[in-house]
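Worth saying up front: this structure is predicted, and the values here are computed from it rather than measured. Chain letters run A, B, ... following the sequence lines, proteins first, then strands; residues in each count from 1.
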There are 2 protein chains.
Amino acid sequence: MPARDAAPAANKYRAHRERQRRRILDAAERLFDEHGIDRVTMVEVTSASGLRASTMYQYFSSKDDIVWAILGTVLADLAAQTKEAIETARTALDKITAMLEIMADRLTNDQAKVRFLAQFDAMYARDWPAERLLTLEGQINPLGFRYFGTLIREGIADGSLRPDLDPDLTMHAVINAVIGAQRRLASLGNRVELEYGQPVDRLFRETIRVILLGLRATEIRAARVRCAPPSRAERSG
Amino acid sequence: MPARDAAPAANKYRAHRERQRRRILDAAERLFDEHGIDRVTMVEVTSASGLRASTMYQYFSSKDDIVWAILGTVLADLAAQTKEAIETARTALDKITAMLEIMADRLTNDQAKVRFLAQFDAMYARDWPAERLLTLEGQINPLGFRYFGTLIREGIADGSLRPDLDPDLTMHAVINAVIGAQRRLASLGNRVELEYGQPVDRLFRETIRVILLGLRATEIRAARVRCAPPSRAERSG
DNA sequence: CTCAATTCGTAATGGTAGTTCGAAATCGGA
DNA sequence: TCCGATTTCGAACTACCATTACGAATTGAG
């Protein structure tokens, strides 16, 4: 190793620290998913990481520290995936569809991570300030909440969404519902499948389908009746 | 105590016991909602009930006992409300609407109870056998899961639901999503309102509206755009 | 008022999680 | 090889929770 540069030494220590850190986080993530965040103790995380308790405190001073650290990595992944998907979509409906598809993919391929988010929500929601709490949704559309409104307006304008949707309301409601459904399915896992007789991802994709049907402008099949005289309901409604 | 009539004496004692029991459950329910089930200790429940630890153990031998007891009362309420609502509805769509309305009402009027269910789900889901887990949904439609399928078929037959819904899938997906949305909103509480700028019940009712729009057979208002040229989205999608 | 059944309250026990501290081992650099 | 910096280890300590035992107090019925 070169003499004059002090950085490499520090870097070596830092690299080791980083490895240890990741080792702890991996062990914790696995334990959290196996037994539930609340039931896992620092002692367990410690021994699962192959360390001693006192060493652990050099890295994380509490279970909460670990939880927040895991959250950071999970959210970073999510944000990246979502951003990419939105950018390639054309109509507003396509963008919304892409966002929801991402969530379906994650439910299928990263179910443990979704479960982690579900647990995190349930356990920490009460202590957060609202701002922190909503970082989560912020990661799902990296452009911020206001984007929801413009998305709906855009969709009404480009004809892909129903004209009677509320720009300040609908998209928030949809995202909340989809997140809720996703987290719930991830938490219940394959036991839902046993009882419902349907795999988790089919259930979730059906949820998405129904919601998108509710959002999209009346589709072509409506054309079938479009020259019919106005009905009673239409006149009264 | 008199020989032949044991009941009166026993009843007095039992009445006291019942009062105490409820006192404990009420205190526990409040604490669980304030601090989260996992963070509440038996000691806290005990002192909040105005009892001593040893007395507590005459009633509940563990926190889990308390939790399950609370669950029992919450579910009983829910089942009664739901059953009544379904019975008065006519079309399948009306029945579904009634079920979802009940959930909206509970979110508005019994938010703490919904929060309790959310916590319960998150914390105990992993330990349950599937059968117990799904008792919850069972309470939402007291007729059982198979009823979901017949409900969809009925709706397709009576013309209130889209014909392309899947009797074995759609209703399960919808219920899961609506429960997920409801629990999530209850857990996040008014903090969502602060950030979203929309009250919890408006968000939830919008969720219901979108989902019902996705379920219902193509409606009449579509006629409004019936003479417009097909939009871009309509042509491409 | 008295007896008997029941509950209450204090105090003690055992166990576990969290935390701290100094000594020992390890690593990087000359 | 040696020195200083960094990390790890082992042990002790604190604090709190769950649980139990047992005598005191309360309550119902005659």
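As a whole-Å value, the separation of B:Arg52 CZ from C:dA11 P is 10 Å. Atom-to-atom, CZ of B:Arg17 to P of C:dT7 comes out at 5 Å; the value is rounded to the nearest Å. One can place NE2 of B:His35 at 13 Å from P of D:dC17, the figure rounded to the nearest angstrom. If you measure from atom CG of B:Asp38 to atom P of C:dA17, you get 16 Å, rounded to the nearest angstrom. Nucleotide D:dA18 holds its P atom 11 Å from the CG atom of B:Asp64, rounded to whole Å. In this structure, NE2 of A:His16 is placed 12 Å from C1' of C:dA25, rounded to the nearest angstrom. The nearest whole Å value for the distance from the CZ atom in B:Arg19 to the C1' atom in C:dT6 is 14 Å. Regarding B:Glu18, its CD atom lies at a distance of 13 Å from the P atom of C:dT7, rounded to whole Å.
The phosphate of C:dC8 (OP1 or OP2) has no side-chain N or O of B:Ser54 nearer than 4.0 angstrom. Contact annotation: A:Tyr59 side-chain N/O to D:dT8 OP1/OP2 distance is under 4.0 Å.
Between A:Gln58 and A:Val43, the residue anchored closer to the 5' end of DNA chain C is A:Val43, taking for each the nucleotide with the nearest heavy atom.
Looking at every heavy atom in both residues, A:Ala48 comes nearest to A:Arg30 through CB-NH2, 4.2 Å. Here the closest heavy-atom approach between residue B:Val192 and residue B:Leu188 is recorded as CG2-CB, 3.1 Å. A:Asp166 approaches B:Glu206 most closely through the heavy-atom pair N-OE2, 4.4 Å. Considering every non-hydrogen atom in both B:Glu29 and B:Lys113, the closest pair reads OE2-NZ, 3.3 Å.
Residues passing the side chain to side chain donor-acceptor pair (under 3.5 Å) test with A:Gln81, sequence neighbours excluded: none.
Minimum atom distance to the side chain of B:Leu51 is reached by C:dC8, of the listed D:dA18, D:dT19, C:dC8. For B:Tyr57, counting side-chain heavy atoms from C-beta on, the closest listed nucleotide (D:dT20, D:dT8, C:dG18) is D:dT20.
A:Thr41 comes within 4.0 angstrom of sugar-phosphate atoms only, judged by non-hydrogen atoms across all strands, and of no base. Using a 4.0 Å heavy-atom distance criterion, B:Ser61 is classed as a sugar-phosphate-only contact. Residue contacts shown for A:Gln20 are limited to sugar-phosphate atoms, with no base heavy atom under 4.0 Å away.
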